[in-house]
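We count ligands from 1, going down the list as the structure has it; atoms in each ligand are counted the same way.
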Amino acid sequence: MEINQKQKIIILGSTGSIGQQTLNVCRRLDFEVVGLSCFNNIELLYEQIKEFNPQKVAVANLNLAVKLAERIKNVPQIKTEILYGDQGNIELAKSACDTIVVAIIGFAALKPLLAAIEAKHTIALANKETIVSTGKYVLEQAEKHGAKIYPVDSEPSAIWQCIAGKKQVNEEINNVWLTASGGPFRTYSKEQFDSITVEDALNHPVWSMGQKITIDSASMMNKGLELIEISRLFNLAGSQIKVIIHPQSIIHSMVEYIDGSVIAQMSMPDMELPIQYALTYDMRLPMPDKPKINFAELGQLSFEAPDLERFPALRLAYEAQAEDGAMPAVLNAANEIAVQAFVDKKISFVEISTMVESTMQKFRHHPLYRSILLDDILAADQWAREYTELLITQGR
Ligand code: NAD
Ligand code: MG
């Protein structure tokens with residue numbers, strides 16, 4: 001990529017935490033935003049349309065599309081086409097661009113992601129749930145269509161940066177160190193976990209993120225999803241992925257090579273860096289407005305082993321990774337439902353992992369347990385959502 005070439009960017013999920021930070025990167029680099037989408041936050045989408053005047057946007061349904069059209073019809077210079085529903089999102093995902101950023105939360109990102117792959121796009125992928133659930137299929141499709149997938153999540157981005165330029169990556173890697181901040185409950189005793197509220201769980205010590213990933217960070221399911229994500233993206237065995245708590249969140253992950261040398265990627269914790277790195281096709285461009293690490297001020301970086309007893313989500317993710325088949329999809333689907341139930345105050349924080357574990361346990365006797373076919377994985381995802389809902393309504 002030429003530094004002075006103006007890149008055309010589409011952002012799916014532009015009203016979310018990653019979406020908004022991606023727009024900051026586009027402002028910094030003066031990239032052209034040609035497409036935006038959101039679920040239902042049309043107020044913010046309207047502001048984004050006024051600023052970036054994209055060619056197309058997509059929203060969840062016709063009703064929202066009509067409301068948005070009403071808002072923009074009075075702004076004469078705006079010629080944005082408004083799409084809606086599944087079809088609209090897919091059409092947007094296939095539209096011409098240099099990079100499409102997939103920053104939709106959860107499994108809902110799958111259809112637009114597959115559409116972007118079919119269109120042979122370069123994809124900056126923030127969404128981790130799709131790779132966890134259907135990673136092999138998604139990556140095979142990307143390979144088949146010649147679509148490139150660049151990670152945006154800070155840990156896979158760190159690993160990507162640590163192996164930059166390497167050709168025989170897998171033969172040379174011993175393991176990776178996947179760092180975790182430990183979240184707000186790192187120092188809580190097992191007893192304290194029983195009284196965790198939604199407000200406590202939404203109060204992350206380092207990162208400011210969307211609601212679902214913040215709860216996942218508190219339970220450490222986020223790290224669990226990431227270990228599966230990383231195993232898929234970099235073709236690593238579960239035993240090669242070592243989770244390590246690093247509360248300062250300065251090291252975003254590390255690669256240990258066979259000679260014992262460890263390469264770490266470090267920066268101040270700020271998602272704009274991995275987003276920018278993915279948007280500039282692994283080139284380095286300045287971020288003059290961002291603070292840099294001052295090691296003397298930091299004084300020390302600390303590490304501790306994760307406690308799988310207080311954070312069972314991590315153990316469940318290791319199990320799902322090892323079992324493979326449709327189990328990662330079941331883990332993810334059960335977690336999406338349980339997190340929503342916790343946010344809705346229907347279950348306690350501890351029950352999120354209990355529900356996921358019970359759903360996984362039940363699934364081990366299901367005929368689709370070992371299947372790796374996409375349709376079966378989609379069916380397993382649906383089954384897990386319904387089963388977890390049932391557990392929640394039964395109060396177990
Ligand atoms: P968020 O909840 O802040 O934003 C989600 C975006 O997706 C919004 O624009 C929303 O309108 C859109 N959306 C939600 N449901 C949708 C649906 N059914 N169809 C279409 N669009 C829909 O989420 P976020 O924190 O920005 O996270 C986005 C993704 O990036 C997640 O998969 C998350 O795991 C990943 N991620 C986030 C961070 C972070 O710092 N926030 C870091 C690493 C990875
Ligand atoms: Mg991450």
Side-chain angles (χ1 to χ4, degrees), residues 10-25 35-48 57-61 64-65 68 83-90 92-93 101-113 115-116 123-133 150-160 178-183 202 204 206-217 220-230 233 243 246 249 251-253 265 267 269-275 277-278 332 335-336 339-340 343:
I10 296 175
I11 307 169
L12 305 183
S14 63
T15 56
S17 158
I18 292 288
Q20 292 182 58
Q21 294 177 87
T22 305
L23 286 171
N24 283 344
V25 173
L36 296 169
S37 87
C38 78
F39 188 61
N40 59 11
N41 187 353
I42 56 170
E43 288 306 309
L44 181 54
L45 187 62
Y46 170 68
E47 296 302 326
Q48 295 176 347
V57 297
V59 294
N61 56 47
L64 290 164
L68 185 60
L83 308 165
Y84 60 88
D86 268 5
Q87 266 326 102
N89 273 287
I90 288 170
L92 178 63
V101 181
V102 179
I104 294 171
I105 186 82
F107 200 55
L110 184 64
K111 280 184 194 162
L113 172 61
I123 300 162
L125 184 64
N127 180 283
K128 62 190 81 175
E129 293 88 348
T130 47
I131 290 291
V132 168
S133 299
Y150 297 152
V152 163
D153 198 356
S154 56
E155 297 79 359
S157 173
I159 294 169
W160 187 37
L178 173 58
T179 53
S181 72
L202 284 175
H204 196 276
V206 185
W207 298 97
S208 160
M209 310 175 284
Q211 181 168 275
K212 193 240 168 196
I213 185 174
T214 305
I215 306 285
D216 284 348
S217 298
M220 292 202 66
M221 182 57 93
N222 183 48
K223 217 42 57 181
L225 295 175
E226 282 175 3
L227 84 85
I228 301 174
E229 180 187 20
I230 283 166
L233 288 175
V243 174
H246 165 46
S249 298
I251 298 180
H252 302 298
S253 279
Q265 188 267 328
S267 60
D270 189 326
M271 285 306 297
E272 284 188 36
L273 192 148
I275 295 170
Y277 189 71
N332 175 65
N335 182 59
E336 283 191 22
V339 167
Q340 191 57 51
V343 171

Polar atom proximity, T15 to ligand 1 (N or O, under 3.5 Å):
yes

Separation between CG (N332) and CD (E229), nearest 0.5 Å, reads 11.0 Å

Protein heavy-atom partner closest to atom 6 (C) of ligand 1 - residue, atom, separation in Å
A103 O, 3.6 Å

Give the atom numbers and elements of ligand 1 that come within less than 4.0 Å of a heavy atom of K128.
32 (O), 34 (O), 44 (C)

At what distance, to the nearest 0.5 angstrom, does CD1 of I104 lie from CG of L113?
9.0 Å

among protein heavy atoms, the one nearest atom 26 (O) of ligand 1 is I18 N, 2.9 Å

Greater than 12 external heavy atoms within 6.0 Å of Y150's OH:
yes

For atom 32 (O) of ligand 1, grab the closest protein heavy atom and report residue, atom and distance to one decimal in Å.
E129 OE1, 2.7 Å

for atom 17 (C) of ligand 1, nearest protein heavy atom and its distance come out as F39 CD1, 3.3 Å

Do the side-chain N and O atoms of S267 and H252 include a donor-acceptor pair separated by under 3.5 angstrom?
yes

Atom pair CD1 (I228) and NZ (K223), whose distance is rounded to the nearest 0.5 Å:
13.0 Å

Return the minimal non-hydrogen interatomic distance between G35 and L92, and the atom names on each side.
CA-CD1, 3.9 Å

Nearest 0.5 Å please: distance from the CD atom of Q265 over to the OH atom of Y277.
8.5 Å

Min N/O separation G19 to ligand 1 under 3.5 Å:
no

Regarding atom 29 (C) of ligand 1: of the candidates I213, T130, I104, which has the closest heavy atom?
I104

Separation between CD of Q21 and OG of S208, rounded to the nearest 0.5 Å
7.0 Å

Shortest heavy-atom approach to atom 31 (C) of ligand 1 - which of T22, I105, V59:
I105

I'd like to know if the side chain of E272 pairs up with that of N24 as donor and acceptor (distance under 3.5 Å, no hydrogens or angles considered).
yes

If you measure from atom 18 (N) of ligand 1 to every heavy atom of S37, A108, S17, which option wins on shortest distance?
A108

Could you go step by step and tell me if L64 and L45 meet the side chain to side chain contact (heavy atoms under 4.5 Å, CB included) rule?
CA-CA 11 Å; L64 290 164; L45 187 62; over 6 Å; no

Does Q21, backbone or side chain, put an N or O under 3.5 Å from an N or O of ligand 1?
no

Out of V101, D153, T214, whose heavy atom sits nearest atom 44 (C) of ligand 1?
D153

Correct closest heavy-atom pair for S14 and L23 would be O-CD1, 4.2 Å

Under 3.5 Å between any N/O of M271 and any N/O of ligand 1: does that happen in this structure?
no

Nearest-contact summary for atom 4 (O) of ligand 1 - protein heavy atom, Å
G16 CA, 3.1 Å

Just to the nearest 10 degrees, tell me the angle at the Mg ion (ligand 2) spanned by E226 OE2 and E155 OE1.
90°

N40 side, atom CG; N61 side, atom CG - distance, nearest 0.5 Å
8.5 Å

Short N/O distance, under 3.5 Å, between C38 and ligand 1?
no

So which N/O/S atom does D153 have closest to the Mg ion (ligand 2)?
OD1

Using a strict cut-off of 4.0 Å, indicate which atoms of ligand 1 neighbour a heavy atom of A126.
30 (O), 35 (C), 36 (N), 44 (C)

Subset of ligand 1 atoms that lie under 4.0 Å from at least one heavy atom of M209
39 (C), 40 (O), 41 (N)

A student comparing A60, G210, S208 should find that the heavy atom closest to atom 25 (O) of ligand 1 comes from G210

